[in-house]
Amino acid sequence: MKKTQSKYAMLSVEDALQITLAQSRPLSPVALPLSQARGAILASDITAREPLPPFPASTKDGYAVVAADGPGEYPLIGEISAGALADFTVEPGTVAYITTGAPLPEGADAVVMIEETERFENGQAAATVRINCSVQPGADVRPVGIDVIEGQTVLAAGERLDSAEFGLLATAGFVEAPVYPRPKVAVLSTGDELIEPGEPLGPGQIRDSNRAMLLAAIDAAGGQPVDLGISGDSQAALESRIQEGLAQADILISSGGVSMGELDLVQPLLEHAGTVHFGRVRMKPGKPITFATADYKGKRRLVFGLPGNPVSSLVTFYLFAVPALRKMAGWRNPGLRRVQASLAHQLPLDAFRPEYHRATLRWDDERSCFIAASTGSQASSRLLSMRTANALLALPQREGTLAAGESVDALLIGEI
Ligand code: AMP
Ligand code: MG
């Protein structure tokens, strides 16, 4: 019997996303070398093992002094540079040369910067230094622990690692970071019409654009992409690729084969392999997005059956797969970031489905708000509508249009 109606209930985007996130769990934490942990989420707090600085340190090149001595000319009794300890004491009435970052010698309690001094070489006799200003005890000295005290939590579980965080990990003596691993995400293109991009087109064929696009999007979202190639529309071929994906990756993403055609075999195969949680979402583009979970040797796998049209594929990837991937990667707040933007021009609305309109946001200095400009024709096959798009405008389902200047919700999918 031919199918003419989807058996799946039509969910709202919000409900579908909630179901997706409820099925997504953070992966078990691992220890990663710092060089491999950029963008990862910390799985436990990091505490400082020592104070920083661990010794009172000079903040200037100059002279270590006893502050109470005040201005005057004093014998120079030694030099101390960063990385060494003085083997002398600065007695009242003497000074020692000191560089930035060097430990303050015994006896000294302040530093006078070199610009406020004059040095005299006295032949055979010891050099002297004239101090031209008076300083308070502690001047130009960083006391022990002024930046970080011993035992202080310098990073908290849930924080995302970037440049400053690596500096803090290194300061705390960590060469590995306890983090959630990057989820492995396998990508499979489906369709008898698809060929590899490098091949000449035969009759009825098109090049597979979705795979290159999704592999890049996975990498950008912090996943580890796994390429499963192209599968033809045969049950046996699809089934073996799906099993391969479940074996290799935490998340399996297929594109194509979820429409209502006779060769749209992905949904029944996912039902066979696991549990399909939804197979239709009220949205434009991307209505037939399908989400399933499966167990592979006791491990939970997420499966997204994305629609084949390239735009539908990428939009549903951002709306559902990115938050799931982030949750697996330990993000506490895995949803796409949402901002308000003012429309640069009028936009048509869809009476039947909320639309995710591709747009380019830019900040307007004069008006102090984001301005959203449409990327043009929004056909779900027209990938050019995603070019330069850094946001999906969440347009309400209703008749009519939104006027230029109206405010809309924009979900960020790229840098502004
Ligand atoms: P489907 O969901 O398989 O019915 O595909 C919907 C439309 O998307 C068809 O026009 C397909 O040819 C096209 N399509 C499917 N997969 C890809 C792909 N990987 N790259 C480019 N176009 C695709
Ligand atoms: Mg197809």
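All values below were derived from every heavy atom in this structure, side-chain atoms included, with hydrogens, water molecules and symmetry-related copies excluded. Note that ligands are numbered from 1 as they come in the structure, with each ligand's atoms numbered from 1 the same way.
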Inset, instruction - Pull out every atom of ligand 1 sitting under 4.0 Å from any heavy atom of G257, numbered as shown with elements. - result: 1 (P), 2 (O), 3 (O)
Inset, instruction - For atom 5 (O) of ligand 1, find the nearest protein heavy atom and state the residue, atom name and distance (0.1 Å precision). - result: G308 CA, 3.7 Å
Legend entry - Close side-chain approach of K287 and R282, heavy atoms under 4.5 Å: no
Inset, instruction - Provide, to 0.1 Å, the distance between atom 17 (C) of ligand 1 and the closest protein heavy atom, together with that atom's residue and name. - result: N210 ND2, 3.4 Å
Legend entry - Numbered atoms and elements of ligand 1 in range of R207, under 4.0 angstrom, heavy atoms: 20 (N), 21 (C)
Legend entry - Closest protein heavy atom (residue, atom, distance) for atom 19 (N) of ligand 1: D208 OD1, 2.8 Å
Legend entry - Element-labelled atoms of ligand 1 that are located less than 4.0 Å from some non-hydrogen atom of S189: 19 (N)
Legend entry - Taking atom 4 (O) of ligand 1 as the reference point, the nearest protein heavy atom with its distance: S259 OG, 3.1 Å
Inset, instruction - Determine whether any heavy atom of E193 lies closer than 4.0 Å to an atom of ligand 1. - result: yes
Inset, instruction - Assess the side chains of H345 and S374: does a donor N or O sit below 3.5 Å from an acceptor N or O? - result: no
Inset, instruction - Would you mind checking which non-hydrogen protein atom is closest to atom 22 (N) of ligand 1, with the distance to 0.1 Å? - result: I206 CD1, 3.4 Å
Legend entry - ligand 1 contact by G261, heavy-atom criterion under 4.0 angstrom: no
Inset, instruction - Could you tell me whether R49 sits above the aromatic face of F174, with NZ or CZ closer than 6.0 angstrom to the six-membered ring centre and within 45 degrees of the axis? - result: yes
Legend entry - Donor-acceptor under 3.5 Å (T190 side chain, S255 main chain): yes
Inset, instruction - Check whether any side-chain N or O of T375 sits under 3.5 Å from a backbone N or O of R358 as a donor-acceptor pair, and report yes or no. - result: yes
Legend entry - Nearest-contact summary for atom 6 (C) of ligand 1 - protein heavy atom, Å: N309 N, 3.8 Å
Inset, instruction - Mind checking ring pair (Phe, Tyr, Trp, His ring centres under 6.0 Å) for F317 and listing every partner two or more places apart, or none if nothing turns up? - result: none
Inset, instruction - Return yes if some donor-acceptor pair links the side-chain N/O of Q23 with the main-chain N/O of T20 below 3.5 Å, else return no. - result: no
Legend entry - Passing candidate, side-chain contact (heavy atoms from CB on, under 4.5 Å) with V276, options E271, K7, Q267: E271
Inset, instruction - Check if S209 has a non-hydrogen atom at a distance under 4.0 Å from any atom of ligand 1. - result: yes
